[in-house]
> 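Can you read through this structure? Questions will come right after.
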Amino acid sequence: MDNNNNNSLEERVSVFLNEEFDHHRCNNLEYDHHHHQSNDTNDWSEERTIYWESQYLLLQEVLERYNLTGSKLRREIGRTTDMAKDTEYCHCAKTKTVHGHGCNYCLRRIVIKNLREKGINASLCSSKWRHTKKHPQGCHEYIEVIGNKTISSQSKQISYVVEVEFRDQFEIAKPCEEYKKLLSLLPEYYIGKIDCLNAVVRIICDSAKRSMKEKKIHMGPWRQTSFMLMKWSKVPLNNSSDDTFQPPISPPPSPIKKQSQFSVAPPAVVVT
């Protein structure tokens with residue numbers, strides 16, 4: 001799938017979420033105590049069913065397109081990540097994950113190391129953003145892989161985002177059953193193009209908002225679509241001299257310490 005198709009996919013998702021069900025969402029998300037006391041809930045139940053079925057079908061369509069591109073590369077990266085998780089890859093003093101393996105900070109670095117040993121052009125990317133009225137400041141790391149694809153006898157480089165904690169990014173408190181069902185569709189790791197990732201993020205964040213509204217739980221700004229999209233944006237700080245910013249995880253003792261160590265990459269793999 002080419003970039004134009006990717007762009008149109010994200011635009012379609014955005015338009016669908018912003019316009020198609022505005023009147024349905026307003027009718028439901030603004031319901032109050034009086035609405036709950038009413039015996040006539042058929043309209044709300046029907047609207048709710050339509051919303052969640054539509055989200056499920058839309059996410060299925062996006063993920064089907066996601067699976068069409070770079071399947072061979074995705075399998076190789078997935079295997080490499082699984083194998084890394086089965087080793088004692090974490091050597092820092094940070095708290096271990098619930099699975100008892102180690103932190104994602106160390107996991108990303110060992111995955112990059114192992115991918116590069118296989119001749120895959122992998123590097124570490126990070127994004128940072130300042131505190132604003134809408135969002136708290138933050139930072140995020142992920143992996144980028146560059147692959148080569150032959151199109152009309154010409155070789156073209158394609159960038160892939162590799163997120164080793166993808167599904168975990170969208171866990172929320174007390175999710176409704178429909179949101180759990182959506183979350184179960186997501187791959188544990190995301191390995192694909194940024195445009196498809198953005199489309200998935202828009203769907204899941206909109207659904208998380210709906211679920212939390214139904215459960216009457218406040219949605220923090222770090223759950224909003226715009227905040228989540230910044231995680232994979234590689235947006236630099238406007239002023240790199242800000243001494244108040246502290247990353248959430250300090251670098252552990254490791255042979256791979258700086259992003260610059262990944263700047264010279266081996267030949268990119270061929271995407272199929």
Side-chain angles (χ1 to χ4, degrees), residues 6-7 9-19 21-22 25-26 28-30 51 55 58-59 62 94-95 97 103-105 107-108 123-144 159-176 179 182-183 186 189-190 192-251 259:
N6 275 331
N7 290 335
L9 174 63
E10 185 181 356
E11 288 178 6
R12 178 184 171 189
V13 168
S14 182
V15 169
F16 182 89
L17 295 177
N18 290 332
E19 297 180 1
F21 283 82
D22 271 351
R25 287 202 297 268
C26 288
N28 178 48
L29 297 183
E30 298 300 328
Y51 174 84
Q55 294 295 91
L58 185 61
L59 182 59
V62 172
K94 298 299 177 182
T95 303
T97 65
C103 68
N104 288 312
Y105 184 99
L107 177 61
R108 281 187 287 270
S123 59
L124 182 67
C125 291
S126 63
S127 56
K128 293 182 181 180
W129 54 93
R130 288 185 177 280
H131 174 81
T132 68
K133 292 181 179 179
K134 293 183 178 181
H135 304 120
Q137 73 175 13
C139 68
H140 187 71
E141 286 186 343
Y142 60 95
I143 300 169
E144 182 180 56
S159 173
Y160 287 88
V161 172
V162 179
E163 177 55 72
V164 299
E165 48 181 326
F166 186 60
R167 191 188 300 149
D168 294 345
Q169 296 286 332
F170 304 99
E171 295 285 351
I172 62 174
K174 300 180 180 179
C176 65
Y179 184 79
L182 275 182
L183 212 61
L186 296 182
Y189 321 128
Y190 181 86
K193 296 180 181 179
I194 186 65
D195 298 277
C196 185
L197 181 142
N198 288 346
V200 172
V201 170
R202 291 182 186 279
I203 296 169
I204 297 298
C205 287
D206 189 80
S207 301
K209 180 179 180 181
R210 172 69 176 235
S211 177
M212 297 179 84
K213 281 283 188 177
E214 289 184 2
K215 295 290 186 177
K216 294 186 176 182
I217 299 174
H218 172 70
M219 184 174 184
W222 56 90
R223 294 290 185 189
Q224 295 177 6
T225 302
S226 55
F227 183 92
M228 293 296 290
L229 289 174
M230 286 192 293
K231 291 188 174 185
W232 301 280
S233 64
K234 291 195 291 188
V235 176
L237 283 170
N238 293 328
N239 182 3
S240 60
S241 63
D242 183 8
D243 294 329
T244 63
F245 179 81
Q246 295 293 332
I249 304 177
S250 58
Q259 182 172 339

> Side-chain contact test, heavy atoms from C-beta onward, threshold under 4.5 Å: evaluate it for Tyr105 versus Glu141 and give yes or no.
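Of all side-chain heavy-atom pairs linking Glu141 with Tyr105, at least one is under 4.5 Å.
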> Which atom names give the shortest non-hydrogen contact between Pro136 and His131, and what distance separates them?
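Minimum heavy-atom contact is CA-ND1, 3.5 Å.
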> OH of Tyr51 to CG of Asp206: how many Å apart, nearest 0.5 Å?
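Going from the OH atom of Tyr51 to the CG atom of Asp206 covers 3.5 Å.
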> Step by step, work out the side-chain contact (heavy atoms from CB on, under 4.5 Å) result for Ile143 and Tyr160.
CA-CA 8 Å; Ile143 300 169; Tyr160 287 88; over 6 Å; no
> Does Met230 reach the side chain of His135, with side-chain heavy atoms less than 4.5 Å apart?
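Met230 reaches His135 side chain to side chain.
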> Do Val201 and Trp232 come within less than 4.5 Å of each other through their side chains, counting heavy atoms only?
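The answer is yes, as the side chains (C-beta and beyond) meet within the 4.5 Å cut-off.
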> Taking all non-hydrogen atoms of both residues, which atom of Glu171 and which atom of Arg223 are closest, and how far apart?
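Closest heavy-atom pair between Glu171 and Arg223: O-NH2, 2.7 Å.
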> Can you tell if the side chain of Cys176 reaches within under 4.5 Å of the side chain of Lys215, non-hydrogen atoms only?
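Side chain of Cys176 against side chain of Lys215, heavy atoms only: contact under 4.5 Å found.
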> Rounded to the nearest 0.5 Å, what's the gap from CD1 on Ile203 to CG on Leu182? Could you check?
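Taking CD1 in Ile203 and CG in Leu182, the distance rounds to 8.5 Å.
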> Drop me the distance from Tyr142's OH to Asn104's CG, to the nearest 0.5 angstrom.
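The distance works out to 16.0 Å.
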> Just so I know, are the side chains of Ile204 and Tyr179 near enough to count as touching, which here means a heavy-atom distance under 4.5 Å?
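Contact flag for Ile204/Tyr179 side chains = yes.
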> How long is the gap from OG on Ser211 to CE on Met219, to the nearest 0.5 Å?
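Going from OG on Ser211 over to CE on Met219, the span is 10.0 Å.
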> Please examine the side chains of Pro175 and Leu183, heavy atoms only from C-beta on, and report whether any two atoms are closer than 4.5 Å.
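No, side chains not in contact.
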> To check you understand the geometry: which heavy-atom pair defines the closest contact between Thr225 and Cys205, and what is its length?
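Residues Thr225 and Cys205, closest heavy atoms: OG1-CB, 3.2 Å.
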> Let me see the working for Arg202 and Leu229 under side-chain contact (heavy atoms from CB on, under 4.5 Å), right down to the final yes or no.
CA-CA 8 Å; Arg202 291 182 186 279; Leu229 289 174; 3.8 Å; yes
> Check the angle between the aromatic planes of Phe166 and Tyr190 and answer parallel, tilted or perpendicular using the 30° and 60° thresholds.
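Tilted: the ring planes of Phe166 and Tyr190 meet at 30° to 60°.
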> Less than 3.5 Å apart, any donor N or O on the side chain of His140 or Glu165 sitting next to an acceptor on the other?
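No donor-acceptor contact under 3.5 Å links the two side chains.
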> Check whether any side-chain N or O of Trp222 sits under 3.5 Å from a backbone N or O of Met228 as a donor-acceptor pair, and report yes or no.
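No.
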> Less than 4.5 Å apart, any side-chain heavy atom of Leu197 and any of Ile194?
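Side chain of Leu197 against side chain of Ile194, heavy atoms only: contact under 4.5 Å found.
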> Is the shortest side-chain heavy-atom distance between Ser159 and Glu144 below 4.5 Å?
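A side-chain contact exists here, since the closest heavy-atom pair is under 4.5 Å.
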